[in-house]
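This one's a predicted model, so the numbers in the text were calculated from it and none came from an experiment.
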Amino acid sequence: MFLDIFSLICSNLPSTHSSLLTGEKSDRDLKSSSVNEMESIQSSILQKSKVAVITGANAGLGFTLADRLLSFYPDIQICLACRNKERGLTAAAALTEKHPKANVHVEILDTSSVASVLSGTEAIRKRYDHIDYLYLNAGIMKVTGVDWNYFWKGLLSSRVFYMFATGEGLLCQEDGVTEDGLQCVFQTNVFGHYVMVKELEDRLGNVSSTEQKPSQIIWTSSSASQAKNFKIEDFQHKNGKDPYSSSKFAIDILSVALNEKMNKQNVFSHSVCPGLVMTNMTYGILPQWFWTLMIPLLWLLHFFVPSMTNNTENGTEALIWLSAQDPMTLDPQTKYMSHVNVFNKSYVAKSKMNINPELAEKFIQELDQLNNSFQLKLKSKVKN
């Protein structure tokens, strides 16, 4: 770092160096100038380091992602966007203990609340002038139980691999309504993140016409993403039985739509499937005794189902891999999958999504209308 500062001084401050030699400034002016120059240099160095904002980062995939990013890019600035301040600070402390020189910041942001998203993104905008990676990872699934009849039938059939790979039909789900009046799973997994993208738009991609600074928006999707569970007429999934699957397919649609809208400004969106990862959310779906019985089977299945990544280290493989790619060379219609081979070594696979561009355009129009309605409501409240 010292050498970086020294080289910047030598290359960027020739006129000041000349004035110091000739003694044209007073000692007070020189001291003030030196302080300002040093602050400017340090700010310049910070601005050149990469910035990653991660939602749902206090545990699970989000936390492991932050940890791995710090290992791969020691100078990266990490923003943990979490809804719970205490858990966020605990996560930040754990990261800085493992990476003593890490630059980790916690921002309170709950994607199930438009007000929280607006407040959180405003703080993020003030802190960072450019975001390289926007990881939209936060998500919920509200499970009330298991369709045991389906489970036992599937376990003893040729559909067993498909059942565990997608979870389709296995879990009984419920949804609720947020304080904003939207379906809870839809707002948390999809709409709250879309509002984030809109609010952070001027921090993504090019910040000047003379410099190429691409940004990546990276969504945590799922193998549970199924087109048959999403209807544009009911994009919040008010009338369906699988809100999680619907929300994940909505993410895939939205990722494709954002590329159409934002590639010109050097912003690229990608969808990732982490596979079946055992996180707090996963363990919370079913009772502990079930997972105790199932763990041997899950480890056996990973020999036949590469998406059985099991742990967060393997699950984040595609998320990390994307950070090292040239986003302009990637196919916007491809979902990137974290997989493991029979030796439990992780790798990245690709799956074609084939999202209808007209559907993507229609969906983003619906989200824009919804976002505009909330913006008008908030402006009206401020006036009153």
(request) Determine, using ring centers only, whether Phe235 and Phe230 are less than 6.0 Å apart. (result) no
(message) Counting C-beta onward and ignoring hydrogens, is there a side-chain heavy-atom pair between Phe363 and Ile355 closer than 4.5 Å?
(response) no
(message) Tell me if a side-chain donor or acceptor on Ser116 pairs with a main-chain N or O of Ser113 at a distance below 3.5 Å.
(response) no
(request) Start with the C-alpha gap between Lys350 and Tyr336, add the side-chain angles, then the distance that decides, and say whether side-chain contact (heavy atoms from CB on, under 4.5 Å) holds. (result) CA-CA 5 Å; Lys350 300 175 183 179; Tyr336 297 92; 3.9 Å; yes
(message) Would you say CD of Gln365 has more than 12 non-hydrogen atoms from neighbouring residues, nucleotides or ligands within 6.0 angstrom?
(response) yes
(request) Without swapping roles, check the side chain of Thr55 against the backbone of Asn137 for a donor-acceptor pair under 3.5 Å. (result) yes
(message) Side chains of Ser338 and Glu317: any donor to acceptor distance under 3.5 Å?
(response) no
(request) May I ask whether Leu136 and Trp321 are part of the same hydrophobic cluster, defined by side-chain heavy atoms of I, L, V, M, F, W, Y residues being less than 4.5 angstrom apart, directly or through others? (result) no
(message) Would the distance check show the side chain of Asp234 and the main-chain N or O of Lys238 forming a donor-acceptor pair, the cut-off being under 3.5 Å?
(response) yes
(message) Has Thr316 got a side-chain atom pairing as donor or acceptor with Thr312's backbone, closer than 3.5 angstrom?
(response) yes
(message) Under the side chain to side chain contact (heavy atoms under 4.5 Å, CB included) test against Leu319, which residue among Thr220, Val348, Thr64 passes?
(response) Thr220
(request) Give, for atom OG1 of Thr188 and atom OH of Tyr244, the distance between the pair rounded to the nearest 0.5 Å. (result) 12.0 Å
(message) Using a strict threshold of under 4.0 Å (side-chain N to carboxylate O), is an ion pair present between Asp252 and Lys335?
(response) yes
(message) Quick check against the 3.5 Å criterion: does Arg203 have a side-chain atom that pairs as donor or acceptor with the backbone of Arg125?
(response) yes
(request) Scan for salt bridge (charged side-chain N to carboxylate O under 4.0 Å, His left out) pairs involving residues 99-119, sequence neighbours excluded, and state none if there are none. (result) none
(message) Please evaluate residues Val256 and Gln333 with respect to the criterion side-chain contact (heavy atoms from CB on, under 4.5 Å), reporting the C-alpha separation (whole Å), side-chain torsions for both, the decisive distance (0.1 Å), and the verdict.
(response) CA-CA 6 Å; Val256 171; Gln333 285 275 7; 3.9 Å; yes
(message) In the structure I gave you, are the side-chain heavy atoms of Val272 and Leu322 within less than 4.5 Å of one another anywhere?
(response) yes
(request) May I have all residue pairs that pass salt bridge (charged side-chain N to carboxylate O under 4.0 Å, His left out) and include part of residues 307-316, sequence neighbours excluded? (result) Arg68-Glu313
(message) Salt bridge or not between Asp67 and Lys98? Use side-chain N to carboxylate O under 4.0 Å.
(response) yes
(message) Working note: Leu65 + Leu61, criterion side-chain contact (heavy atoms from CB on, under 4.5 Å); need CA distance, chi angles, decisive distance, verdict.
(response) CA-CA 6 Å; Leu65 172 61; Leu61 283 170; 5.9 Å; no
(request) Taking His193 for its side chain and Val197 for its backbone only, find out whether a donor-acceptor pair lies under 3.5 Å. (result) no
(message) Any side-chain to backbone donor/acceptor pair from Ser215 onto Tyr133? Under 3.5 Å, distance only.
(response) no
(message) Would the distance check show the side chain of His130 and the main-chain N or O of Gly205 forming a donor-acceptor pair, the cut-off being under 3.5 Å?
(response) yes
(request) Answer with yes or no whether the side chains of Gln77 and Ser49 bring together a donor and an acceptor at under 3.5 Å. (result) yes
(request) Only pairs at least two apart or in different chains count here, so list each salt bridge (charged side-chain N to carboxylate O under 4.0 Å, His left out) that has a residue in residues 352-375. (result) Lys198-Asp368, Lys261-Glu361, Asp331-Lys352, Lys362-Glu366
(request) Test Thr111 against Asn189 for side-chain contact (heavy atoms from CB on, under 4.5 Å), laying out the working first. (result) CA-CA 7 Å; Thr111 55; Asn189 297 4; over 6 Å; no
(request) Would you name the heavy atoms of Gly88 and Cys82 that are closest together and state the gap between them? (result) CA-SG, 4.0 Å
(request) Kindly say whether Gln216 contributes a backbone atom to a donor-acceptor pair with the side chain of His270 at under 3.5 angstrom? (result) no
(message) Determine whether a donor-acceptor pair (N or O, by modelled atom type, separation under 3.5 Å) exists between the side chain of Asn229 and the backbone of Ser245.
(response) no
(message) Whether Lys345 engages the ring of Phe343 as a cation-pi pair (distance to the six-membered ring centre under 6.0 angstrom, angle to the ring normal within 45°) should be assessed.
(response) no
